[in-house]
Amino acid sequence: MFSLPYVLQQFINAIILGSIYALVAIGLSMVYGILRLINFAHGDILMIGAYTGLFLLTLYKAPFAIVLIVPMLVGGLIGVIVERVAYRPLRKAPEVALLITSLAVSMFIENLAIMVLSPRPRRFRIPSFLSKSHFYGAINFRNIDILIVILTVVLVVVLTLFVKKTKIGIAMRATAESINTSYLMGINVNNIIMLTFAIGSLLAGVAGMMFASKYGRIEPFMGFLPGLKAFVASVIGGIGSLPGAVMGGYLLGFAEIFFVGFLPPQLSGYRDGFVFLLLIIVLLIRPSGIFGQAEKREV
Amino acid sequence: MKRFLGVLFGISILFLVIFFIDKRFNSYYREIFSIIGINIILVTSLNISNGFTGLFSLGHAGFMAVGAYTSALLDLPLDKKAMLLPNLPYWLGHISLPFLLSVIMAGFMAAFFAVLVGYPVLRLKGHYLSVATLGFMVIVRVVINNTPNLTRGAIGINNIPNYTNIWWVYFWVVITVYALWRIINSSYGRAFLAIREDHIAASLSGVNLTKYKILSFAIGAFFAGVAGALWAHQITAITPRAFSFVTTFNIVVMLVIGGMGSISGSIVSAFLLTLLPELMRPLEEGMVLFGYQLPQLYGLTQLIMATLLILVMIFRPKGLMGDRELSLKGILGQKSS
């Protein structure tokens, strides 16, 4: 029923989408691992990254290497500011207070973007050497797609090495294990949390660039759904776990693309609904995800 | 007897106020007062699950949407229905219920969905529950977008008769607040509070967690459905985009600022925070201040709401009222019991 090239094409699409989800999910998952906070504002960092990229490309005609790096830095910076201003004062507050605050931060960023940048969607054009398509029979992909996948792999490898090998990485894992114990061990917990936000937001910023280059259209609300879906991805992989977030991102990418590509076309409109249905099913069957440890039962 | 007189007294004052607004104010102000009432219903009903039972749901806009569409489908006049929605099932295409009945049905439909969704979702805790209910809201929107025969998809249903007026709204406000008040001060309410404070202890004391959680969720959803129906017949046009995350967020802001666990707090904050956007409107549309033309500042209201919420969470996390209630005795300086 489906030809081989068609199946391969869906595979490629799934890998590209999965890469973006994986990058966004890493930040969400790392932050949740330490603070038990679902950072709703994470998706909006993605939006900021995309707009930064757009301005660099159109206003300053910057070379593409810079267009990749600057949104990362801006994203990371915004992440740190958000943590410092909104989340740090709530370190001792109940979980629900953090959740509400992150909703508010998300709304704040989105509406600031509407005020400053106008709610109108904008076209996002990438330089022609990146939008060049390769055709192999019925399969086609663009240079930017290759770049997205390679960049994701590189970033994930670097981050994994960082978390596994360096002293700071060990401190991060220790903080995720127990904030209080890490504090007693002489780890500067506040700095570690800040660093976690910086790294997560860095990845979200670059993911925003990728998202924009892939879909060619950006708007102030563009981060909301990818942010939520990345949360779904990190739950699937096991929230708090780095390989889990990556795995979950790719799994969700495949699930979503296959849902659209291999099921009757009438169903493809239900794509976003399907993702959340998946979330509810995963939470009911295996709430700790693939790599996660079962949460301790409170008795 | 004394309490009964008090309630009667309150209702008659409200009656006089509404009578005054209805006769003296123009349609713009009457609409604002209607929206205030609808928001009071939304916020107090969200308080049942989020405030009193401790289930932080983000799906209220979803239940609102269910109510709005249900009521519109039930009470559109037959000629409009034939024109707008020619592919409805026969029985649905040939009924046109009176407004009161369609609003009640809207509430029951929303409650039905709450039970349906609540059964799996309410087993989750904390954050997972919040995201899953948000997911429910997204699913509702996706389904509405994809069933054009029933809902006209993304175009939405327009030409809904403008049945809602200030009398209908406050009739439902009184019913909502009275019902919620009675529920909270009953054994059910104590079970809800017990679940919020410590669900394991509650369970050990013989509170059936699943039953009470679903009940609390469904009661909230019922009134969200009612509010959705009233809203649909006030605005007279509904699209799936109207029931978005922003809608949920605004209700949550009102709830949190009013104080989770305080019905009077919800009422006060719904009143204030509905007026805020109206006051901000000239600023958003670009007003002239001391001879300077200010730029248009769309999004300013939401920005202020978000800032308010962040500040409240940092400096007064219990909200305006915490979990206390306004009472006449308290205002008069006596210690309320």
Side-chain angles (χ1 to χ4, degrees), chain A residues 32 36-38 40 85-90 93-116 118-119 220-221 224-225 228-229 231-232 235 239 266-281 283-284 287 295 297-299, chain B residues 50 54 56 58 117 120-121 123-143 145-147 153 198-200 244-246 248-250 252-253 255-256 260 284 295-315 317-318:
Chain A
Y32 188 92
R36 305 263 158 243
L37 155 72
I38 297 174
F40 279 100
V85 175
Y87 299 146
R88 190 176 293 181
L90 296 173
E95 283 178 9
V96 70
L98 272 170
L99 181 85
I100 296 168
T101 309
S102 88
L103 287 172
V105 171
S106 165
M107 266 295 140
F108 183 90
I109 297 178
E110 278 169 18
N111 284 287
L112 196 64
I114 286 179
M115 246 172 80
V116 179
S118 97
F221 288 112
F224 178 64
L225 264 183
L228 275 184
K229 285 183 181 173
F231 177 74
V232 177
V235 169
I239 197 150
Q266 304 89 283
L267 283 176
S268 64
Y270 289 96
R271 177 178 187 165
D272 298 336
F274 163 72
V275 172
F276 288 101
L277 206 60
L278 202 64
L279 170 76
I280 295 174
I281 293 170
L283 282 177
L284 291 176
E295 285 203 25
R297 284 183 71 98
E298 356 148 20
V299 179
Chain B
N50 292 28
F56 203 83
L58 293 174
V117 177
V121 165
R123 283 164 54 190
L124 308 170
K125 292 200 183 78
H127 293 148
Y128 291 132
L129 174 71
S130 306
V131 175
T133 47
L134 194 60
F136 162 73
M137 192 198 80
V138 175
I139 292 174
V140 168
R141 267 176 78 185
V142 167
V143 170
N145 265 319
N146 285 288
T147 46
D198 188 337
H199 63 271
I200 291 164
S244 64
F245 178 61
V246 180
T248 290
F249 177 75
N250 285 341
V252 168
V253 177
L255 174 68
V256 174
M260 285 195 279
E284 282 212 333
Q296 293 182 337
L297 295 168
Y298 287 111
L300 186 64
T301 317
Q302 290 294 328
L303 202 65
I304 292 176
M305 295 268 259
T307 316
L308 262 179
L309 188 55
I310 296 175
L311 292 178
V312 165
M313 282 330 295
I314 294 176
F315 295 109
K318 296 197 113 180

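Residue numbers start from 1 in every chain, and the chains themselves are labelled A, B, ... in the order their sequence lines are given, proteins ahead of strands.
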Enquirer: Take A/Phe231 and B/Leu134 through the test side chain to side chain contact (heavy atoms under 4.5 Å, CB included) and record every step on the way to the result.
Expert: CA-CA 12 Å; A/Phe231 177 74; B/Leu134 194 60; over 6 Å; no

Enquirer: Quick one: what part of A/Ala97 sits under 4.5 Å from any heavy atom of chain B, side chain, backbone, both or neither?
Expert: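 Both parts, backbone and side chain.
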
Enquirer: Under 4.5 Å from any heavy atom of chain B, what part of A/Phe274 do you find: side chain, backbone, both or neither?
Expert: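 Neither part, no heavy atoms under 4.5 Å.
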
Enquirer: Compare every heavy atom of B/Leu309 with every heavy atom of A/Ala104, then report the nearest pair and how far apart it is.
Expert: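 Closest approach of A/Ala104 to B/Leu309: CB-CD2, 3.7 Å.
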
Enquirer: Identify which of B/Thr301, B/Val252, B/Val138, B/Asp198 forms the greatest number of heavy-atom pairs closer than 4.5 Å to chain A.
Expert: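 So the answer, after comparing B/Thr301, B/Val252, B/Val138, B/Asp198, is B/Val138.
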
Enquirer: Is it the backbone or the side chain of A/Leu228 that comes under 4.5 Å from a heavy atom of chain B, or both, or neither?
Expert: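 The answer is the side chain of A/Leu228.
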
Enquirer: Check B/Ala306 against A/Phe108 and note the closest heavy-atom contact, atom names and distance.
Expert: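 Answer, listing the atom of B/Ala306 first, then A/Phe108: CB-N, 3.7 Å.
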
Enquirer: With a 4.5 angstrom heavy-atom cut-off, could you sort out which part of A/Leu277 is near chain B: side chain, backbone, both or neither?
Expert: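 For A/Leu277, heavy atoms of backbone and side chain both lie under 4.5 Å from chain B.
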
Enquirer: Hey, could you give me the CZ/OG distance between A/Phe224 and B/Ser244, rounded to the nearest 0.5 Å?
Expert: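 Nearest 0.5 Å value for the CZ-OG distance: 8.0 Å.
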
Enquirer: Heavy-atom distance under 4.5 Å to chain A: side chain of B/Val140, backbone, both or neither?
Expert: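 Neither; nothing under 4.5 Å.
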
Enquirer: Can you tell which part of B/Asn145 gets under 4.5 Å to a heavy atom of chain A, answering side chain, backbone, both or neither?
Expert: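 For B/Asn145, there is no contact with chain A at all, as no heavy atom is under 4.5 Å.
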
Enquirer: Most heavy-atom pairs under 4.5 angstrom with chain A, which of B/Val312, B/Asn146, B/Ile139, B/Val121?
Expert: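 That would be B/Asn146.
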
Enquirer: Taking side-chain contact (heavy atoms from CB on, under 4.5 Å) as the criterion, tell me which of A/Val96, A/Thr101, A/Leu98 meets it with B/Met313.
Expert: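 Result for side-chain contact (heavy atoms from CB on, under 4.5 Å) with B/Met313: A/Thr101.
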
Enquirer: Heavy-atom cut-off 4.5 Å, strictly under: side chain, backbone, both or neither for A/Leu112 against chain B?
Expert: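 The answer is both parts of A/Leu112.
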
Enquirer: Heavy-atom distances under 4.5 Å only: say whether B/Leu311 touches chain A with side chain, backbone, both or neither.
Expert: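 No part of B/Leu311 comes within 4.5 Å of chain A.
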
Enquirer: Roughly how far, to the nearest 0.5 Å, is the CD1 atom of A/Ile100 from the CZ atom of B/Phe249?
Expert: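 The distance works out to 10.0 Å.
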
Enquirer: Without swapping roles, check the side chain of A/Asn111 against the backbone of B/Gln302 for a donor-acceptor pair under 3.5 Å.
Expert: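 Checking the backbone N and O of B/Gln302 against the side chain of A/Asn111, no donor-acceptor pair under 3.5 Å is found.
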
Enquirer: Which atoms of B/Pro120 are under 4.5 Å from chain A, going by heavy atoms: the side chain, the backbone, both sets, or neither?
Expert: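 It is both, since atoms from each part get that close.
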
Enquirer: Taking side chain as C-beta onward, heavy atoms only, is B/Tyr128 less than 4.5 Å from A/Val235?
Expert: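 Touching, per the 4.5 Å side-chain cut-off.
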
Enquirer: Heavy-atom distances under 4.5 Å only: say whether A/Leu103 touches chain B with side chain, backbone, both or neither.
Expert: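 The answer is both parts of A/Leu103.
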
Enquirer: So, B/His127 side chain and A/Leu99 main chain: donor-acceptor pair closer than 3.5 Å or not?
Expert: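 Between the backbone of A/Leu99 and the side chain of B/His127 there is no qualifying donor-acceptor contact (under 3.5 Å).
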
Enquirer: Quick one: what part of B/Val246 sits under 4.5 Å from any heavy atom of chain A, side chain, backbone, both or neither?
Expert: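 B/Val246 touches chain A through backbone and side-chain heavy atoms alike.
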
Enquirer: Taking all non-hydrogen atoms of both residues into account, name the closest pair between B/Val142 and A/Tyr270 and its distance.
Expert: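 Where B/Val142 meets A/Tyr270 most closely, the heavy atoms are CG1-CA, 3.4 Å.
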
Enquirer: With a 4.5 angstrom heavy-atom cut-off, is it the side chain or the backbone of B/Met260 that approaches chain A, or both, or neither?
Expert: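 Side chain only.
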
Enquirer: Roughly how far apart are B/Ile310 CD1 and A/Met107 CE, rounded to 0.5 Å?
Expert: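 Rounded to the nearest 0.5 Å, the CD1-CE separation comes out at 11.5 Å.
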
